[in-house]
Structure formats: structure tokens, C-alpha cells
Amino acid sequence: MRDDYELMKKKVHQSLKLNLSLYKEAQMKRRITTLRDKHGFKSYVDYFTACQKDAKFLEEFTEKLTINVSEFYRNPNRWDVLRKKIIPELTKNKRKITIWSAACSTGEEPYSLAMMLEEYFPNLNYQIQATDFDQAVLNAAQQGNYQERSLKELPAALKKKYFTSNGTIFQVDPALRKYIRFERHNLLEDRYPKDVDLIVCRNVLIYFTDEAKNNIFHHFNKSLVKDGYLFVGSTEQIFHADQYGFYLEDSFFYRKQ
Ligand SMILES: C[S@@+](CC[C@H](N)C(=O)[O-])C[C@H]1O[C@@H](n2cnc3c(N)ncnc32)[C@H](O)[C@@H]1O
């Protein structure tokens with residue numbers, strides 16, 4: 001029933017501060033329906049009420065909604081462009097940069113950034129703010145334990161230098177944590193950081209409606225310093241980027257005008 005779904009969305013917004021109307025509906029509804037049916041509920045409202053009473057249900061609900069898949073050096077050729085072109089451009093006239101890894105999931109992206117900067121820009125001073133809506137993924141990011149499959153794109157030298165392993169779990173070097181601040185941030189509700197040199201926001205924009213993306217791009221533009229960069233996922237090119245005050249510098253890299 002349509003009303004039942006709409007009412008559940010209201011309750012989700014009130015209790016989790018997650019506005020499902022700003023996510024593409026078909027995909028979201030399919031995911032929630034799968035969970036509702038799995039637990040044998042007839043209505044969405046009854047199912048979400050059960051989630052509010054049971055921490056395990058709620059964790060599963062949030063996890064299913066927020067889609068946490070990530071990996072180190074996701075789309076490695078884009079990381080090469082970041083290293084060879086974007087970071088050198090950004091640091092032409094400064095020795096310190098601020099990076100925001102937005103929707104960082106379990107931390108693969110901010111740790112990849114820290115490894116890359118340590119390895120190739122040893123004299124650079126930098127701070128990475130790594131945020132996500134989901135506190136559970138941020139807790140995992142702070143632990144820094146990974147399965148080997150999430151390291152498959154990481155250059156071998158970085159894997160060797162920055163991980164220790166017992167054979168199954170790969171633990172990232174805790175020394176990298178001093179460069180990264182993990183924090184909760186909801187891209188749809190919260191205030192955005194200021195004076196950022198580089199925003200890395202990848203593989204979350206695809207889940208949002210055009211209206212939501214529109215707002216996010218305007219906010220990102222305000223967050224960046226002049227000539228700062230936005231790095232998006234490899235299916236997330238921005239059409240008519242100039243309407244948000246960006247121009248395309250390289251595929252999936254946008255520079256603030
Ligand atoms: C597929 S992961 C992307 C991880 C990483 N950026 C990458 O590209 O590998 C999407 C992340 O977006 C987060 N997310 C979803 N909605 C969000 C919101 N409204 N605000 C902040 N993060 C959100 C999810 O919790 C999830 O961790």
C-alpha cells in the first residue's frame with residue numbers, strides 16, 4: 001500500500017534523520033520490501049516499528065539502505081590521475097591541504113588517500129576528514145581490519161608497507177589514523193565543512209534523486225576553496241557542471257571555478 005510506505009518513510013526520517021524521499025525510490029523500495037518479507041511483516045510500518053524495538057533489526061535495516069561496499073584504490077586509473085595530476089596541481093602553492101572523504105564507508109578511501117600521500121608526497125602536511133551517515137561503518141573504519149578482496153586494486157608496494165596480516169584479516173597500519181578524523185555526517189541534513197581543498201565523494205551520489213544531487217553539488221562548491229577539486233565515482237559524472245560552479249578538469253575530477 002502506497003500510504004503505508006509513505007508513513008514508514010516519515011517514521012524513518014523522524015527517528016533516523018534519513019529522508020528516503022531523496023533516494024531513488026525503486027531501488028530503495030525493493031531493498032526494504034525484501035527485508036520486510038524476510039521477517040514476515042505485511043506492512044512497512046509494522047516492520048519499521050519492529051526495527052525500532054530491536055537493535056539487530058535496525059542495524060540490518062540501516063546496512064541494507066546505506067550500501068556499504070568499498071575497496072582500496074577503487075578504479076585505480078582515477079587514483080593515478082589524482083596522484084600525478086590533481087595533487088601536484090593542488091599543492092603547487094601550498095604545503096598543507098585539507099581533504100574530505102564524504103560517505104567513506106568502512107574507511108578504504110581515506111586510508112588509500114593517506115597511504116598515497118605518505119608514499120608520494122612525504123613533505124606534504126594534510127588532514128583527512130572522513131565521514132559517513134552510518135556509525136557502524138565508521139566504527140569498523142576505526143578498527144581498520146579488512147578482507148584481502150578489498151585490497152585487490154591496491155598497488156603491491158602499498159599493501160606490503162601498510163598492512164599486517166594473520167592470513168585472513170589485513171590490519172591497516174594504525175599510524176595512518178593520526179591523519180584521519182572519522183565523524184558522522186549526513187549529506188542530506190548536516191552542515192558542510194568549509195575551506196576544503198579536495199572532496200572525495202564516490203559511489204553514493206548514484207543513490208540520490210536529481211533534486212538531492214543538485215543540492216549536494218551546490219554545497220560541495222561552497223565547501224571548497226577556490227581551485228579546489230571534487231572527485232566523484234566512475235558512474236557519477238556531473239552534467240552541466242558549470243551550473244554548480246565547476247568545470248571538468250579530468251574524467252570524474254571537477255575544479256571549482
Ligand atoms: C557504496 S559506499 C561508498 C564508499 C566509498 N566512498 C567508495 O566509493 O568506495 C556508500 C556509502 O554512502 C553512505 N551514505 C548513504 N547515504 C548517506 C548520507 N545521506 N550521508 C552520508 N553518507 C551516506 C553509506 O553509509 C555508505 O557507507
Side-chain angles (χ1 to χ4, degrees), residues 9 12-25 27-29 31-32 58-79 81-82 99-116 128-144 146-147 149-154 172 180-193 196 198-220 223 229-238 251-253:
K9 285 203 306 192
V12 171
H13 196 184
Q14 279 160 2
S15 78
L16 301 183
K17 299 268 180 294
L18 196 62
N19 184 357
L20 297 184
S21 299
L22 295 174
Y23 290 78
K24 287 179 190 152
E25 171 138 329
Q27 193 184 34
M28 192 53 83
K29 196 164 179 180
R31 287 168 176 272
I32 298 174
L58 189 62
E59 197 181 312
E60 183 190 46
F61 180 81
T62 317
E63 196 185 305
K64 191 82 174 177
L65 253 60
T66 50
I67 311 148
N68 298 324
V69 188
S70 189
E71 61 185 77
F72 291 87
Y73 263 59
R74 194 170 189 174
N75 312 113
N77 59 351
R78 296 298 89 207
W79 285 81
V81 173
L82 180 65
I99 301 176
W100 178 21
S101 169
C104 68
S105 189
T106 36
E108 291 85 338
E109 193 172 86
Y111 285 125
S112 298
L113 287 161
M115 285 175 214
M116 191 192 79
I128 301 168
Q129 184 173 1
T131 65
D132 200 281
F133 168 79
D134 184 354
Q135 185 61 49
V137 294
L138 294 171
N139 294 344
Q142 255 148 345
Q143 295 291 315
Y146 298 94
Q147 303 285 328
R149 65 171 176 275
S150 69
L151 280 77
K152 68 180 191 305
E153 300 291 2
L154 188 68
V172 73
I180 307 172
R181 204 172 66 234
F182 289 104
E183 266 171 2
R184 254 195 106 180
H185 181 275
N186 181 350
L187 286 162
L188 302 172
E189 308 262 342
D190 295 335
R191 288 169 74 107
Y192 281 42
V196 180
L198 168 67
I199 297 173
V200 182
C201 183
R202 309 183 70 217
N203 305 301
V204 65
L205 299 164
I206 32 164
Y207 301 117
F208 294 132
T209 62
D210 288 344
E211 179 200 348
K213 281 192 285 193
N214 203 43
N215 275 325
I216 290 172
F217 292 143
H218 281 299
H219 282 306
F220 278 161
S223 280
Y229 286 94
L230 168 63
F231 177 19
V232 298
S234 290
T235 54
E236 299 174 322
Q237 71 266 40
I238 308 176
S251 305
F252 311 109
F253 289 95

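Atoms within a ligand are numbered from 1 in the order they appear, just like the ligands themselves. Nothing fancy with the numbering, it's 1 onward along the sequence.
- At a heavy-atom distance under 4.0 Å, only side-chain atoms of Y23, from C-beta outward, approach ligand 1.
- Closest to atom 8 (O) of ligand 1, if we only count protein heavy atoms, is N203 ND2, 2.7 Å.
- Taking the side chain as every heavy atom from C-beta outward, R202 and V200 approach each other to under 4.5 Å.
- Annotation: atom 20 (N) of ligand 1 to nearest protein heavy atom, L187 N, 2.9 Å.
- For ligand 1 and E109, the ligand atoms under 4.0 Å from any heavy atom of the residue are 5 (C), 6 (N), 7 (C), 8 (O).
- Contacts between T131 and ligand 1, counted as non-hydrogen atom pairs separated by less than 4.0 Å, are absent for every part of the residue.
- Of the protein's non-hydrogen atoms, R74 NH1, 3.2 Å is the one closest to atom 7 (C) of ligand 1.
- Here is the list of ligand 1 atoms found below 4.0 Å of a heavy atom in H185: 20 (N), 21 (C).
- Every atom of ligand 1 with a heavy atom of S70 under 4.0 Å away is listed here by number and element: 4 (C), 5 (C), 7 (C), 9 (O).
- Here the heavy atom of the protein found nearest to atom 22 (N) of ligand 1 is F133 N, 3.3 Å.
- Put simply, CZ on F217 and CZ on F208 are 10.0 Å apart, with the number rounded to the nearest 0.5 Å.
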Dump the intermediate steps for side-chain contact (heavy atoms from CB on, under 4.5 Å) on I67 and R31, then the final yes or no. CA-CA 10 Å; I67 311 148; R31 287 168 176 272; 3.5 Å; yes
Evaluate the ring-ring contact (aromatic ring centres under 6.0 Å, His included) criterion for residues F253 and Y229: first the C-alpha distance (whole Å), next the side-chain angles of each, then the deciding distance (0.1 Å), finally the verdict. CA-CA 7 Å; F253 289 95; Y229 286 94; 7.1 Å; no
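- For ligand 1, the atoms lying closer than 4.0 Å to a non-hydrogen atom of R202 are 3 (C), 5 (C), 6 (N), 7 (C), 8 (O).
- Checked by atom type, the side-chain pair T131/E183 shows no donor-acceptor distance below 3.5 Å.
- Here the heavy atom of the protein found nearest to atom 26 (C) of ligand 1 is T66 O, 3.2 Å.
- Atoms of ligand 1 found under 4.0 Å from any heavy atom of S105 (numbered from 1 in listed order, with element): 4 (C), 27 (O).
- The contact set between ligand 1 and N68, taken as ligand atoms under 4.0 Å from a residue heavy atom, comprises 24 (C), 25 (O), 26 (C), 27 (O).
- Inclusion of A103 in the set of residues having an N or O under 3.5 Å from an N or O of ligand 1 is warranted.
- With values rounded to the nearest 0.5 angstrom, R184 atom CZ is found 6.0 Å from Q135 atom CD.
- Rounded to the nearest 0.5 Å, atoms CG (L113) and CD1 (I128) are 5.0 Å apart.
- Listed by number with element, the atoms of ligand 1 under 4.0 angstrom from any heavy atom of L188 are 19 (N).
- Rounding to the nearest 0.5 Å gives a distance of 10.5 Å between CG of N214 and CD1 of I238.
- Not one N or O of D134 is nearer than 3.5 Å to an N or O of ligand 1, by distance alone.
- For the pair R78 and F231, the NZ or CZ position fails the cation-pi test of under 6.0 Å to the six-membered ring centre and within 45 degrees of the ring normal.
- Counting only heavy atoms of the protein, atom 1 (C) of ligand 1 lies nearest to I67 O, 3.0 Å.
- Of all atoms in ligand 1, listed by their number and element, those nearer than 4.0 Å to a heavy atom of V204 are 12 (O), 14 (N), 15 (C).
- How far CG of L187 is from CG of L205: 7.5 Å, rounded to the nearest 0.5 Å.
- Across E236 and I206, no two heavy atoms sit closer than the pair OE2-N, 3.1 Å.
- Considering CH2 of W79 and OG of S112, their distance stands at 4.5 Å, rounded to 0.5 Å.
- Ranking the protein heavy atoms by distance from atom 11 (C) of ligand 1 puts D132 OD2, 3.7 Å first.
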